[in-house]
Amino acid sequence: MATDLNGLTAVVTGGGSGIGQAMCLTWAEAGMNVVVADVLGERAEETARQVEAKGVRALAVACDVGDAGSVEALAERAYQAFGQVNVLCNNAGVVQFGPVTLAPQADWDWLFRVNLWGVVNVIRAFVPRLRAQGEDGLRHIVNTASLSGIFAVPGLGVYTASKYAVVGISETLRDELKKDGIGVSVLCPGPTPSRINETARVATEPGRRPLDEAGQFSFTETRTAADVAASVKAGVLAGRLYIFSHPGGRRAAERRFKEMLADFEAVA
């Protein structure tokens, strides 16, 4: 796996804040040019200015990942500006809190539009172009899921469903693109200070309180966005399928898989 990233190009969706912004800056510090995509164009532009301050080129693009046409336009602009994409960070996401039984249709539609269809739209737009680049050089996709894509967390049912889907897509895509020499990773971070909670829609129904009030993340530790971005860089360079940034999440993952294996044994 290549370790010299100087002069290569990264595309990051949801790059205007949080983990996405930290990934943009991490790639820039490694010498990569960065396409910063965000649904809020002004946030993309601010991140692009920070990227350029590190001595590399940046392109800010306002992009709604839930809109296939908007994503196609992002891909066109990225390739027009830089001619290639080497690392594609499929990172844009939103969250909503509350029990599955209380989630209205609007929650399902909104989270799946961004968290699932956003990933699908980016894959559809970029993979044919990545294939057309040829086999020389780094080509790697990072889809952002969550620890909630590895095990279920009460109070995050709709979000968890969307992130389980991202993990499954990533596992499948890794096998399907292996013959093309395109790497695939799925990023599964835990609690990370960012603006994602700002996007959560206010819900007043009983039980639909913010997750931090419900205390559901007491099993693991908090990491900064920069910590997560560093894990992404290391994971891409190592060619890992799963990129974790919060070691404390292992305990919950072990509980899930131990129960799963035990239930397989029950029918053995």
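Just so you know, these numbers come straight off a predicted model, no measurement behind them.
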List the steps and the verdict of side-chain contact (heavy atoms from CB on, under 4.5 Å) for Glu171 and Val186.
CA-CA 8 Å; Glu171 291 170 340; Val186 58; 5.6 Å; no
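- Applying the side-chain hydrogen bond (donor to acceptor under 3.5 Å, both in side chains) rule to Thr144 yields the partners Asn91; only residues at least two apart in sequence or on another chain are considered.
- Within 6.0 Å of NZ on Lys258 lie no more than 12 heavy atoms contributed by other residues, nucleotides or ligands.
- One finds the OG atom of Ser231 at 8.5 Å from the NE2 atom of His246 (value rounded to the nearest 0.5 Å).
- In terms of modelled atom types and a separation under 3.5 Å, the side chain of Asp109 and the main chain of Ala106 share no donor-acceptor contact.
- Although no hydrogens or angles enter the test, the distance criterion places no donor-acceptor pair under 3.5 Å between the side chain of Arg131 and the main chain of Asp180.
- Through chains of ILVMFWY side-chain contacts below 4.5 Å, Val39 is grouped with Leu40.
- Judged as a salt bridge (charged side-chain N to carboxylate O under 4.0 Å, His left out), the pairs with a partner in residues 54-68 (not counting sequence neighbours) are, in order, Glu29-Lys54, Asp64-Arg113.
- Inter-residue side-chain proximity for Leu5 and Leu237 is flagged as met; some heavy-atom pair is nearer than 4.5 Å.
- Gln84 pairs with exactly one of Leu138, Leu8, Asp136 by the side chain to side chain contact (heavy atoms under 4.5 Å, CB included) rule, that one being Leu8.
- In this structure, the side chains of Trp27 and Val236 come closer than 4.5 Å at one or more pairs of heavy atoms.
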Pair Leu111, Val94 - check side-chain contact (heavy atoms from CB on, under 4.5 Å), show working.
CA-CA 6 Å; Leu111 266 73; Val94 293; 4.1 Å; yes
Kindly indicate, with the supporting measurements, whether the criterion side-chain contact (heavy atoms from CB on, under 4.5 Å) is fulfilled by Gln133 and Tyr79.
CA-CA 10 Å; Gln133 283 179 214; Tyr79 275 86; 2.6 Å; yes
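- Residues Ile169 and Thr172 have side chains not in contact (no heavy-atom distance under 4.5 Å, counting atoms from C-beta outward).
- The shortest side-chain heavy-atom distance between Trp117 and Arg124 falls under the 4.5 Å cut-off.
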Step-by-step side-chain contact (heavy atoms from CB on, under 4.5 Å) determination, Ile150 to Ser148
CA-CA 5 Å; Ile150 301 298; Ser148 293; over 6 Å; no
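- Between the CD1 atom in Ile19 and the OG atom in Ser146 there is a gap of 8.5 Å [rounded to 0.5 Å].
- When all heavy atoms of Cys24 and Val36 are compared, the closest pair comes out as SG-CG2, 3.9 Å.
- With respect to the salt-bridge test (charged N to carboxylate O, under 4.0 angstrom), the residues Glu52 and Arg49 do not qualify.
- Scanning both residues, Gly93 and Asn115, for their nearest heavy atoms gives CA-OD1, 3.2 Å.
- Listed here is the closest heavy atom pair of Val35 and Ala78: CG2-CB, 4.0 Å.
- Shortest non-hydrogen contact noted between Pro128 and Ile123 is CD-O, 4.0 Å.
- Residues passing the side-chain hydrogen bond (donor to acceptor under 3.5 Å, both in side chains) test with Glu176, sequence neighbours excluded: none.
- Counting heavy atoms from C-beta outward, Val100 and Trp108 have side chains that approach closer than 4.5 Å.
- Closest approach of Ser170 and Leu241 over heavy atoms only: O-CD1, 4.2 Å.
- By the 4.5 Å heavy-atom criterion applied to side chains, Leu187 and Val228 are counted as neighbours.
- In this structure, Tyr242 and Phe244 have parallel ring planes: the angle between them is below the 30° cut-off, well short of the 60° mark.
- Screening residues 74-87 for salt bridge (charged side-chain N to carboxylate O under 4.0 Å, His left out), with sequence neighbours left out, gives Glu76-Arg129.
- The distance from atom CZ of Phe151 to atom NZ of Lys163, rounded to the nearest 0.5 Å, is 14.0 Å.
- Here Asp38 does not pair with Arg43 in a salt bridge; the nearest charged N to carboxylate O distance is not below 4.0 Å.
- The closest side-chain heavy-atom distance from Asp175 to Val184 is not below 4.5 Å.
- Atoms OG and CH2, on Ser162 and Trp110 in that order, are 10.5 Å from each other to the nearest 0.5 Å.
- Each of Asn86, Leu59, Val56, Val85 was checked for a side chain to side chain contact (heavy atoms under 4.5 Å, CB included) with Asn33, and the lone residue meeting it is Val56.
- Taking CG of Asn143 as the reference point, atom CG of Leu173 lies at 6.5 Å (rounded to 0.5 Å).
- A salt bridge links Glu254 and Arg250; the closest N-O separation between the charged side-chain nitrogens and carboxylate oxygens is under 4.0 Å.
- A donor-acceptor pair under 3.5 Å links the side-chain atoms of Asp4 to the main chain of Asn6, judged by distance alone.
- Separation of atoms CD (Gln21) and OG1 (Thr47) is listed at 3.5 Å; rounding is to 0.5 Å.
- Residues Ile141 and Leu130 meet the side-chain proximity criterion, which asks for heavy atoms closer than 4.5 Å.
- Tyr164 forms part of no hydrophobic cluster, judged by ILVMFWY side-chain heavy-atom separations under 4.5 Å.
- For Asn90 (side chain) and Val119 (main-chain N/O), a donor-acceptor pair under 3.5 Å exists by modelled atom type.
- Taking both residues in full, the closest heavy atoms of His140 and Ser185 are given as NE2-OG, 2.7 Å, listed atom of the first, atom of the second, then distance.
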